[in-house]
Asker: 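Quick one: the structure is below, and I'll ask about it shortly.
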Amino acid sequence: MNETEVERQIDQMVKFIKQEAEEKANEISVSAEEEFNIEKLQLLEAEKAKIRKDYERREGQIDVKKKIEYSKQLNESRLKVLQARENAVHELIHDAQQSLAGIANDTAKYKTLLTDLLLQAYAKLSEPTVIVKVREADQSLAKEAIEAAKSKFKDAFGKDAPSASLDTKNFLPPAGDGKEGEEENSCCGGVVVASGDGKIVCSNTIDERLRIAYAQNLPMIRGEFFGVEAPVREDMHL
């Protein structure tokens, strides 16, 4: 083999090695690019998932805040409605009390009322002796009512009425002047009758009768005012 053939073979071997190296390099480059793309896609999907999760978390927080705010506003509205209803009913009671305060202006009717209230208190207490308390302005009329109640009690129950004495030292509060909030410190009239030893007390004032009527008819009052159906009480009478 001469020198020319040797060089030719060497050139062929060099070309083959270069070709093999280039092909290998291309394979490595393609593989590296594929791995890079896969890694990039995985990172991208991971970031997307993270963003979605964060968005869902924030959306959930906003939804919770909205529900809390809605519940708060709903409760505030309900409280306002309840307060408005309470004010309306209170105003009704106040107006009724002012109207009842005028009963004492008609002496004859008021005497009859005092007599009936005494009669009821006597029957409820069933005591041999009683003490009657009235407003200071009602003392004179109360004395007449006590006498009238004696005969009326005997006619109604077939026995003598209890021995009644009028308390001339301690009086019920006087009538109010129509101002809001004074109901607890005023009295429209009526009587408070106690047993002789003072241990049993029957409050039969006009104000107490109004409170009883209010308590017994509250469902009906609410129905009339606010459209809530309620059974009518029929068990209240003098």
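The chain is numbered in sequence order, starting from 1.
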Asker: According to the ring-ring contact (aromatic ring centres under 6.0 Å, His included) rule, which pairs have a member within residues 149-176, sequence neighbours left out?
Answerer: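 As it turns out, the ring-ring contact (aromatic ring centres under 6.0 Å, His included) pairs with a partner in residues 149-176, which skip direct neighbours, are Phe153-Phe157.
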
Asker: Could you see if Leu100 belongs to whatever hydrophobic cluster contains Leu172? Use Ile, Leu, Val, Met, Phe, Trp, Tyr and a side-chain cutoff under 4.5 Å.
Answerer: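 No, no single cluster joins them.
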
Asker: Salt bridge check: are Arg211 and Asp207 linked by an N-O gap of less than 4.0 Å?
Answerer: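 No, no charged N to carboxylate O under 4.0 Å.
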
Asker: Scan for side-chain hydrogen bond (donor to acceptor under 3.5 Å, both in side chains) pairs involving residues 20-49, sequence neighbours excluded, and state none if there are none.
Answerer: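 Residue pairs passing side-chain hydrogen bond (donor to acceptor under 3.5 Å, both in side chains), neighbours aside: Gln19-Glu23.
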
Asker: Does any part of the side chain of Glu144, heavy atoms only, come nearer than 4.5 Å to the side chain of Leu141, both counted from C-beta?
Answerer: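 Yes. Closest side-chain heavy atoms under 4.5 Å.
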
Asker: Is the shortest side-chain heavy-atom distance between Val64 and Gln61 below 4.5 Å?
Answerer: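 No, their side chains stay 4.5 Å or more apart.
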
Asker: Looking at every non-hydrogen atom in both residues, tell me the closest pair between Ala175 and Ser186 and how far apart they are.
Answerer: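 That would be C-CB, 4.1 Å.
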
Asker: Have Gln83 and Asn87 got a donor and an acceptor in their side chains that come within less than 3.5 Å?
Answerer: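 Result is yes, a qualifying pair exists.
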
Asker: Run the salt bridge (Lys or Arg N to Asp or Glu O under 4.0 Å) test against Lys67 and tell me which residues pass, sequence neighbours left out.
Answerer: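 Salt bridge (Lys or Arg N to Asp or Glu O under 4.0 Å) list for Lys67, sorted by chain: Asp63.
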
Asker: Tabulate below the donor-acceptor pairs under 3.5 Å that side-chain atoms of residues 126-140 make, not counting sequence neighbours, or state none.
Answerer:
from, atom 1, to, atom 2, distance (Å)
Ser126, OG, Ala123, O, 3.1
Arg135, NE, Asp138, OD2, 2.8
Arg135, NH1, Cys187, O, 3.1
Arg135, NH1, Cys188, O, 3.4
Arg135, NH2, Asp138, OD1, 3.3
Arg135, NH2, Asp138, OD2, 3.3
Asp138, OD2, Tyr110, OH, 2.7
Gln139, NE2, Glu136, O, 3.3

Asker: Listed by chain and number, what are the side-chain contact (heavy atoms from CB on, under 4.5 Å) partners of Val81, not counting sequence neighbours?
Answerer: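 Arg85.
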
Asker: Can you get from Leu166 to Val201 by hopping between Ile, Leu, Val, Met, Phe, Trp and Tyr side chains that sit under 4.5 Å apart?
Answerer: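 No, Leu166 and Val201 fall in different hydrophobic clusters.
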
Asker: Are Ile200 and Val192 connected in a single hydrophobic cluster, I mean Ile/Leu/Val/Met/Phe/Trp/Tyr linked by side-chain heavy atoms less than 4.5 Å apart?
Answerer: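 Shared cluster, no.
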
Asker: Look up atom CG in Leu118 and atom CD1 in Ile146, then write down how far apart they are to the nearest 0.5 Å.
Answerer: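 With rounding to 0.5 Å, CG (Leu118) is 6.0 Å from CD1 (Ile146).
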
Asker: Please report the interatomic distance CG(Leu113) to CD1(Ile206), rounded to the nearest 0.5 Å.
Answerer: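 Those atoms lie 5.0 Å apart.
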
Asker: CE of Met13 to CD of Gln9: how many Å apart, nearest 0.5 Å?
Answerer: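 Here the interatomic distance stands at 8.5 Å.
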
Asker: Between NZ of Lys143 and NZ of Lys111, what distance do you get to the nearest 0.5 Å?
Answerer: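 Answer rounded to 0.5 Å: 13.5 Å.
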
Asker: Would you compute the distance between atom CZ of Arg209 and atom CD1 of Ile212 and round it to the nearest 0.5 angstrom?
Answerer: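 The distance works out to 4.5 Å.
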
Asker: Within a 6.0 Å radius of atom CZ on Arg57, are there more than 12 heavy atoms belonging to other residues, nucleotides or ligands?
Answerer: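 Count over threshold, so yes.
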
Asker: Looking at Thr115 and Ala148, what are the two nearest heavy atoms and their distance?
Answerer: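 That would be OG1-CB, 3.8 Å.
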
Asker: Show every side-chain hydrogen bond (donor to acceptor under 3.5 Å, both in side chains) that has at least one partner inside residues 148-160, sequence neighbours left out.
Answerer: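 Qualifying pairs, neighbours excluded: Asp116-Lys152, Lys154-Asp160.
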
Asker: With Asn204, which of Val191, Val193, Leu114 fulfils side chain to side chain contact (heavy atoms under 4.5 Å, CB included)?
Answerer: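 Between Asn204 and the candidates, side chain to side chain contact (heavy atoms under 4.5 Å, CB included) is satisfied uniquely by Val191.
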
Asker: Could you please spell out the steps behind the side chain to side chain donor-acceptor pair (under 3.5 Å) verdict for Gln73 and Arg78?
Answerer: CA-CA 9 Å; Gln73 292 178 357; Arg78 286 174 177 171; over 6 Å; no

Asker: To the closest 0.5 Å, what do you measure between CG (Leu43) and CD1 (Ile38)?
Answerer: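 So the CG of Leu43 and the CD1 of Ile38 are separated by 12.0 Å.
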
Asker: With salt bridge (charged side-chain N to carboxylate O under 4.0 Å, His left out) as the criterion, how do Arg58 and Asp54 come out once you've worked through the C-alpha distance, each side chain's angles and the decisive distance to 0.1 Å?
Answerer: CA-CA 6 Å; Arg58 293 186 180 184; Asp54 186 60; 3.2 Å; yes

